[in-house]
Amino acid sequence: MRYLPNSDFDRQEMLRAAGLQSEEDLISYLPAELRMKQPLALEDGKSEFEIVDYFKRLAAQNANGYASFLGAGVYNHYRPVIVDAVVSRGEFLTSYTPYQAEISQGTLASIFEFQTMICQLTGMEVANASMYDGSSATPEAAMMAVRITHRDKILIARTVHPEYREVLRTCTQHQGIPVAELAYAKNGRLDLDDLKKQLNQEVAAVMVQTPNFFGLLEQTKEIAEIVHAKGALLVVIFTEAVSLGLIEPPKEADIVAGELQSFAISPSYGGPFAGIIATREKYIRQMPGRLVGETTDIDGHRAFCLTLAAREQHIRREKATSNICTNQALLALMATVFMSLYGKNGLRELAEQNLAKAHYLANKLPLVFEGPFFNEFVAQTGGRDINSHLLKNKVIGGVPLGRFYSELEDTMLLCATEMSRRADMDTVAAAFRAATARERSAEAITAND
Amino acid sequence: MRYLPNSDFDRQEMLRAAGLQSEEDLISYLPAELRMKQPLALEDGKSEFEIVDYFKRLAAQNANGYASFLGAGVYNHYRPVIVDAVVSRGEFLTSYTPYQAEISQGTLASIFEFQTMICQLTGMEVANASMYDGSSATPEAAMMAVRITHRDKILIARTVHPEYREVLRTCTQHQGIPVAELAYAKNGRLDLDDLKKQLNQEVAAVMVQTPNFFGLLEQTKEIAEIVHAKGALLVVIFTEAVSLGLIEPPKEADIVAGELQSFAISPSYGGPFAGIIATREKYIRQMPGRLVGETTDIDGHRAFCLTLAAREQHIRREKATSNICTNQALLALMATVFMSLYGKNGLRELAEQNLAKAHYLANKLPLVFEGPFFNEFVAQTGGRDINSHLLKNKVIGGVPLGRFYSELEDTMLLCATEMSRRADMDTVAAAFRAATARERSAEAITAND
Amino acid sequence: MIKKVSPHLVQNEPLLFERSMPGKRGCELPPLDVPAVDPKAVLGAENVRAEIENFPEVSEFEVLRHFTRLSTWNYGIDLGLYPLGSCTMKYNPRVNELVARLDGLAWAHPYQPEEVSQGVMDVIAALERALVEITGMDAVTLQPAAGAHGEFTGILMIRALLETRGGARKKVLVPDSAHGTNPATAAMVGYTVENIRSNDRGMVDLEALAKAVNEDVAALMITNPNTVGVFEENIQKICGILHEKGALVYMDGANMNALAGVLRPGDFGIDVMHLNLHKTFSTPHGGGGPGAGPVAVTKTLAPFLPGPRLKSEGDRWTWNDDLPESVGRVRAYYGNFGVLVRALAYILAHGNGLRQATLDALLNANYLRALLEPYFQIAYKSRSMHECVFSDDRQAKKGVRTGDIAKRLIDYGFHPYTVSFPLIVHGALMIEPTETEGKRELDLFADAMISIAKEVEENPELVRSAPHSTRTRRVDEVTAARRPIVRWRPEQSRHSDSATP
Amino acid sequence: MIKKVSPHLVQNEPLLFERSMPGKRGCELPPLDVPAVDPKAVLGAENVRAEIENFPEVSEFEVLRHFTRLSTWNYGIDLGLYPLGSCTMKYNPRVNELVARLDGLAWAHPYQPEEVSQGVMDVIAALERALVEITGMDAVTLQPAAGAHGEFTGILMIRALLETRGGARKKVLVPDSAHGTNPATAAMVGYTVENIRSNDRGMVDLEALAKAVNEDVAALMITNPNTVGVFEENIQKICGILHEKGALVYMDGANMNALAGVLRPGDFGIDVMHLNLHKTFSTPHGGGGPGAGPVAVTKTLAPFLPGPRLKSEGDRWTWNDDLPESVGRVRAYYGNFGVLVRALAYILAHGNGLRQATLDALLNANYLRALLEPYFQIAYKSRSMHECVFSDDRQAKKGVRTGDIAKRLIDYGFHPYTVSFPLIVHGALMIEPTETEGKRELDLFADAMISIAKEVEENPELVRSAPHSTRTRRVDEVTAARRPIVRWRPEQSRHSDSATP
Ligand SMILES: Cc1ncc(COP(=O)(O)O)c(C=O)c1O
Ligand SMILES: Cc1ncc(COP(=O)(O)O)c(C=O)c1O
């Protein structure tokens with residue numbers, strides 16, 4: 001087998017050196033009744049050519065070359081070519097957690113850069129080396145708040161990504177952490193009155209997302225004031241990292257939990273992505289996840305190493321801040337390369353293009369909410385199956401919101417990014433218009449009857 | 001511009017250090033009448049996204065996902081993924097000719113391996129580091145023979161790739177090297193009688209290709225005896241390197257000139273490929289091209305370096321064996337990785353699969369020649385446009401030979417490799433059958449009229 | 001003598017921030033094909049940020065060169081043996097990287113209509129099937145993002161099942177040899193952790209276990225082969241003890257590389273287990289992830305699997321959300337799909353030949369053990385499976401600890417083994433070669449270890465102060481933790497490092 | 001002080017043949033879907049070879065690791081400045097690698113029907129157009145595989161033209177500063193070569209030229225800017241002198257990186273020229289190729305271009321073979337197409353901004369010249385364009401030659417400049433930074449050069465015996481040439497190298 005470097009000759013020599021007669025001797029001492037009698041019911045091993053062929057056939061069964069207006073936590077941004085050039089270097093790809101600092105300075109330095117850039121973007125003081133994704137960072141942030149405040153209730157806005165909220169529920173349900181949801185107002189943003197109503201001294205954290213699931217900016221400053229007045233922490237979640245190129249960072253938050261998929265991580269049917277948690281310096285020892293710190297080697301040269309491991313499972317075991325171990329280093333590296341490439345001005349221009357594209361499209365559609373939005377917005381479908389029509393033209397429309405919000409049955413969430421071509425947006429607009437026109441003429445016919 | 005690392009601030013500082021006022025000063029001393037007044041009539045620089053998009057659109061205008069039975073010097077073989085993993089390493093991709101041996105041992109060692117494997121494959125004693133391609137290696141081999149024999153006439157078989165012969169003519173026409181062609185016999189192989197007739201004491205070299213352009217094996221042993229008896233050199237050319245996994249190497253040749261495209265080099269509309277010249281040790285100083293030799297460093301450790309540079313243009317100038325400078329190192333590296341991966345047994349199995357596929361297809365088609373063939377053969381079309389019919393079914397048929405041999409107007413050269421699927425071969429066979437059937441029924445109709 | 005490496009040069013490189021210069025950038029956008037909008041106008045001035053302070057400004061080539069240079073400071077499997085015990089650092093086939101990047105897979109959006117997602121769904125279905133076959137369990141979820149996440153999912157399911165049986169119970173038992181994620185997981189699901197001691201053969205002490213198991217115990221989390229590389233020969237009895245009291249058995253499958261094609265946890269009596277695709281199934285470790293930690297369960301537990309679940313409807317796949325007993329999602333979307341593609345590609349490459357891979361993994365570990373046992377104290381006399389664990393007892397007498405030997409290995413051109421884990425072994429050296437290493441590399445490693453053992457006798461200080469030949473010498477981790485600097489700030493840098501200009 | 005690099009370790013690695021072991025392989029084939037045939041039966045036993053003796057047998061991972069390790073012994077532009085004069089070692093954008101590998105381009109067969117080749121033909125047409133615009137010439141062929149091949153093509157065309165005018169003539173004039181390919185090319189086309197000396201400003205001596213030009217002269221091959229980096233300010237006069245005698249002017253365009261967007265050879269009076277796409281247009285040098293050497297000509301010479309030529313027929317491209325005056329093909333198919341794709345991608349990226357790239361190339365060279373002139377003897381006082389050439393005169397007094405300084409630069413973390421070329425400069429140091437280097441890297445280089453200049457004064461032996469810190473130290477090239485070993489054979493190896501196990 002091409003992946004196995006030992007020849008039969010090698011094997012014989014090695015068995016002899018190990019004092020064994022045959023390969024069978026490697027396992028013959030194991031309980032006989034447990035040893036497999038039959039080979040695995042898998043096919044024979046395949047050649048590389050067949051493997052490529054197999055996946056090409058499967059890949060061809062999915063949407064290929066469609067224009068898409070899906071967002072909802074997974075965004076369609078350009079991936080600069082340099083990103084794969086970097087992460088394909090075996091020295092990055094095939095190394096593991098940099099426990100051995102002396103031969104892992106490449107990974108360590110890049111994570112240090114990552115942590116710094118995340119702080120610069122979010123307005124936080126410290127950031128970790130990555131979480132699995134934004135959805136799993138959400139309960140981690142909640143639990144962190146519980147540890148910090150010694151309170152145990154969580155309030156989360158209904159405008160947070162529905163699947164993130166579901167993950168939060170899954171993770172908190174058996175820990176005695178009650179979770180309640182906060183309504184949104186007519187304008188699609190957190191209902192501040194509901195917040196005030198539900199907030200009390202038991203609440204460890206209030207969790208909001210901005211831009212929220214509807215694409216709208218939440219009023220994080222106002223929310224922070226309300227939350228802090230009751231001694232709770234404000235956790236700000238983001239799913240669209242590109243927005244941070246343009247939008248005021250949530251400096252008033254105590255914890256920021258986010259998803260960096262937008263930064264050169266391909267959608268990949270939902271993963272692997274890279275989550276982060278960032279916070280204030282004073283909470284650093286309550287953070288989950290790996291942290292890289294700067295230090296020196298014995299010659300006094302700058303060096304980096306994993307640090308504050310006393311928070312982690314391999315040292316603290318059941319008292320650790322989280323059980324997280326393997327995280328998303330390579331994806332964080334992609335995001336680091338992406339941020340380095342776009343840089344200060346590029347990231348802003350990127351965000352501005354997203355803003356412009358989304359507003360171009362939104363201006364042509366019937367919107368459900370009025371507030372300021374970044375690159376997503378909710379449009380009224382009036383119950384018409386616009387998506388099926390678009391799909392026939394190789395355009396994937398928006399995410400129907402009925403599946404997450406029963407009150408939004410006849411709406412869809414659309415996203416436009418720098419990748420959205422004007423012509424495709426015009427196609428979407430036309431489909432909306434056509435659907436309305438069809439309905440109007442249908443009404444006309446009915447009226448005439 | 002993203003490729004230019006100097007900021008405007010850098011530029012100002014550097015201009016100052018260079019004693020210049022402005023960028024204009026870098027060129028203001030040049031003849032004013034020559035300095036461009038207008039900017040280049042090119043578009044504005046494009047973003048990476050636009051570049052990718054542009055080439056994707058062009059790529060989509062070519063055959064994509066077609067089955068193909070084209071060969072004729074460019075073969076459709078599987079390219080193992082490791083090849084690109086290796087040649088994408090910046091240390092290989094972005095270095096140049098290894099003049100500075102101490103920081104080029106990677107390139108040098110791999111060329112040394114390449115030279116060795118080419119010798120092992122061809123049965124020659126020495127091989128160079130690469131030529132542009134097989135077609136340009138052909139005149140280089142001819143001129144080498146002229147230098148060695150101090151004779152000046154070249155005989156080349158008509159069964160050598162027609163474009164190689166054309167290149168030979170282009171290159172020799174002004175050097176006082178007459179070139180004559182040798183006919184092929186009924187069986188599609190070199191006509192030994194014609195060879196004997198044309199061969200004389202003026203002939204420096206006889207050049208044959210095996211497998212020849214029709215896919216047939218030439219009788220190189222017999223030819224060698226005839227050629228050597230007259231004191232001429234035998235140059236054996238190959239275009240299908242995979243054949244060397246199975247076919248007796250041309251040990252009796254004095255010079256071997258070949259093309260390695262089959263070894264993990266993509267067809268790329270005809271280039272870049274990698275040619276080679278291999279020969280006997282005694283002719284080494286008459287070889288063109290780079291050569292890597294083994295030596296030691298001052299500590300006595302094994303090391304490699306470019307050697308016998310006294311043959312080359314940068315030392316010998318007008319007396320050099322060739323003007324070749326930049327050659328095809330990265331493609332030679334691809335071939336090296338390919339040979340390493342397949343190895344002794346893999347290469348044989350690969351060749352056997354090619355043999356089997358070609359014979360499967362050939363057995364179903366009307367063949368023009370009878371001799372032993374490897375993975376190409378000539379089929380009779382009877383003047384029917386089989387290719388157009390196949391093309392509609394996303395199958396590219398064979399190369400029509402009329403364009404190269406007027407006497408073979410109604411034939412095509414087909415190639416089957418390990419990539420040819422049985423089903424596609426059956427499609428080709430059916431098309432041939434259908435064409436005959438159509439004609440027969442057309443004949444029948446005509447007869448009935 | 002050091003045979004495997006030679007001294008050479010590597011490029012220095014400052015941090016990106018130190019390389020930054022106003023006005024540069026490494027990526028450009030196409031011209032906007034719609035009217036620009038004024039951010040302040042549409043978002044409100046208060047919502048528009050000032051420039052991102054100190055964010056880097058660098059050209060494209062500088063970015064590539066920056067990270068290329070950084071990469072040369074790293075060691076990876078591609079460069080040589082990486083015998084990090086418990087991590088199964090095997091070859092990462094490059095074809096897997098290629099297929100995971102095919103447009104139709106890499107650019108599939110999790111919310112795209114199912115009718116244009118059948119290919120990705122097929123990948124998921126095929127991998128679930130293969131893992132069911134390999135583990136001998138009944139059903140698999142691919143949602144968890146890593147081993148620890150899988151553990152969480154599995155223990156949560158146990159909790160959910162027990163609740164339907166009258167109560168979640170209080171405790172999870174964890175052998176003292178277990179990986180840190182096991183107790184941390186149990187705690188995250190609201191259980192208290194009770195340690196079970198190992199016996200002198202490196203296995204769970206049956207008596208201690210039997211004593212500990214009672215109606216308060218929800219589950220045992222067992223690793224098999226365990227972290228000392230020893231097969232828990234009483235695994236069936238162990239499962240029996242737990243099951244008898246209505247408790248369940250969770251198996252940490254991190255060491256599945258010792259079993260695939262040879263033994264199936266489904267036959268042991270295991271109720272739930274996770275797999276680490278980034279270990280057994282060769283998806284790249286990437287400097288610390290991504291991973292994937294599928295969880296396999298028995299029929300009994302299947303209804304509790306996180307949703308949604310794949311369901312076939314005629315000749316097509318659909319996502320089924322209607323799972324009343326499910327513990328709920330453990331993450332958004334469907335898992336680390338890109339990792340799943342790679343793992344499936346790996347499984348296809350071996351097919352039923354996975355058994356040979358496993359046997360080679362065992363052989364390599366046993367070969368190394370045989371070569372090293374004369375020089376290092378083996379932790380347990382029991383037979384080893386895929387890894388062998390030594391103690392530094394002999395070397396400690398000279399004042400050299402496992403961490404020192406590890407650093408000295410770096411000078412010899414190897415990535416060290418896992419240091420000081422498992423905790424039950426005094427000064428552990430945990431060595432896992434994996435099956436993708438050949439005899440030549442193993443011989444060089446054994447030579448290096450033996451040579452270091454001699455150095456410990458003759459010149460322990462040489463070992464204690466290693467590494468000596470790396471760009472960065474022994475790193476001061478204590479200072480890093482005492483006064484943490486976890487981000488760059490202008491002028492604050494701790495270094496006095498003329499070597500990074 | 002050495003700032004740019006630090007000592008570190010690199011892996012050793014034997015040759016593949018030394019790693020080989022019977023029975024291994026790194027690539028497998030799908031099962032054959034047609035009946036196997038017996039080679040001896042269909043080919044004749046005498047035509048079937050025995051096994052390939054000593055051909056390597058290695059597993060996939062070993063192959064990858066082998067070449068990865070080898071790669072770490074190399075220096076490339078990706079690692080740092082590569083100021084190899086005359087070679088224009090600039091950044092190789094990675095997007096170019098991506099687009100050249102798109103299936104529709106990389107897998108296009110040169111004989112596939114034109115109706116399914118319009119995209120590749122469009123690439124060729126677009127690049128021809130762009131090069132015509134950049135050079136100011138009238139037509140371009142993309143067939144030649146490299147610069148030297150382009151020279152051959154160009155001189156051949158001159159010969160063909162002259163033959164239509166009554167005779168090929170005998171001589172080609174070549175300035176003594178020319179690259180070795182120029183005289184070698186002239187010889188290959190059957191011309192004798194006459195050297196023209198340069199004046200003390202580093203330019204062609206007009207008088208010497210005028211004297212040499214007569215009816216025997218077919219052409220002058222001139223490089224502009226020439227190999228000392230100086231613009232031939234009399235270029236129009238020079239062309240006039242040649243043209244007056246019915247001779248032609250060939251321009252070696254290797255240094256086009258100094259001109260693009262600023263000056264056009266078409267305006268100088270040049271008749272034929274080549275471009276090196278692997279220099280000016282950034283296609284990767286790949287350890288010594290591939291390149292591409294398009295040739296641009298005036299209208300007069302266009303009919304002589306090698307065929308086939310692209311021709312537009314309505315809205316599609318077709319290949320035209322009907323070119324009675326063509327010199328004929330200079331290679332099979334249509335040129336190094338994959339290289340052409342990369343060059344076009346590069347041109348699209350800059351567009352009319354190529355001028356800025358050129359200005360930056362000039363600035364970088366002039367900046368370095370200014371920094372180094374106090375320490376090294378500049379070859380000519382004339383203004384420099386894209387490269388600056390020094391002589392080792394000052395250092396030679398201490399017994400240190402340009403080759404020694406070059407080797408010492410390696411210790412400082414740089415690839416050396418071009419050594420001992422052009423020949424007219426005594427002990428030449430030929431330095432071409434290119435525009436894709438930034439000030440920081442140039443400053444480090446200047447520091448290194450200045451530091452070495454001081455070492456020459458204080459400790460010349462240190463420089464003479466460099467490099468000191470590389471895996472391979474100064475290589476004995478003399479022995480290599482005296483008794484050449486150009487292939488591996490079992491037991492024959494010259495090395496006593498315990499460092500490569
Ligand atoms: C035995 C064992 N269990 C669990 C884990 C945790 O797996 P992961 O890192 O994928 O979360 C590891 C990983 O190191 C391990 O070795
Ligand atoms: C001035 C000059 N002319 C010609 C050449 C030859 O070009 P190539 O190496 O592409 O054949 C070179 C290349 O080094 C050169 O520098």
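Lettering of chains follows the sequences in order, A, B, ..., and the numbering in each one begins at 1.
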Specify which of C:M21, C:H8, C:E62, C:E441 makes the most heavy-atom pairs with chain D at under 4.5 Å.
-> C:H8
Against chain D, work out which of C:T72, C:T68, C:I77 has the most heavy-atom pairs shorter than 4.5 Å and name it.
-> C:I77
Could I get the full list of side chain to side chain donor-acceptor pair (under 3.5 Å) partners for D:Y417, not counting sequence neighbours?
-> D:T402
Give, for atom [atom1] of [X] and atom [atom2] of [Y], the distance between the pair rounded to the nearest 0.5 Å.
{"X": "D:R94", "Y": "C:F61", "atom1": "CZ", "atom2": "CZ", "value": "8.5 Å"}
{"X": "D:K4", "Y": "C:R69", "atom1": "NZ", "atom2": "CZ", "value": "5.0 Å"}
{"X": "D:R19", "Y": "C:R440", "atom1": "CZ", "atom2": "CZ", "value": "5.0 Å"}

Heavy-atom proximity to chain D below 4.5 Å, by part of C:E28 = neither
If you count heavy-atom pairs under 4.5 Å between each of D:V10, D:L64, D:D411 and chain C, which one has the most?
-> D:V10
Could you check which of D:T470, D:L9, D:I410, D:T436 has the highest count of heavy-atom pairs closer than 4.5 Å to chain C?
-> D:L9
Do you know the tightest heavy-atom contact between C:G413 and D:Q11?
-> O-NE2, 2.9 Å
Checking C:N12 side chain against D:K3 main chain: does a donor-acceptor pair fall under 3.5 Å?
-> yes
What part of D:E437 lies closer than 4.5 angstrom to a heavy atom of chain C: side chain, backbone, both or neither?
-> side chain
Under the side chain to side chain contact (heavy atoms under 4.5 Å, CB included) criterion, do D:R65 and C:D78 qualify, and how do the steps go?
-> CA-CA 5 Å; D:R65 206 182 252 176; C:D78 277 8; 5.6 Å; no
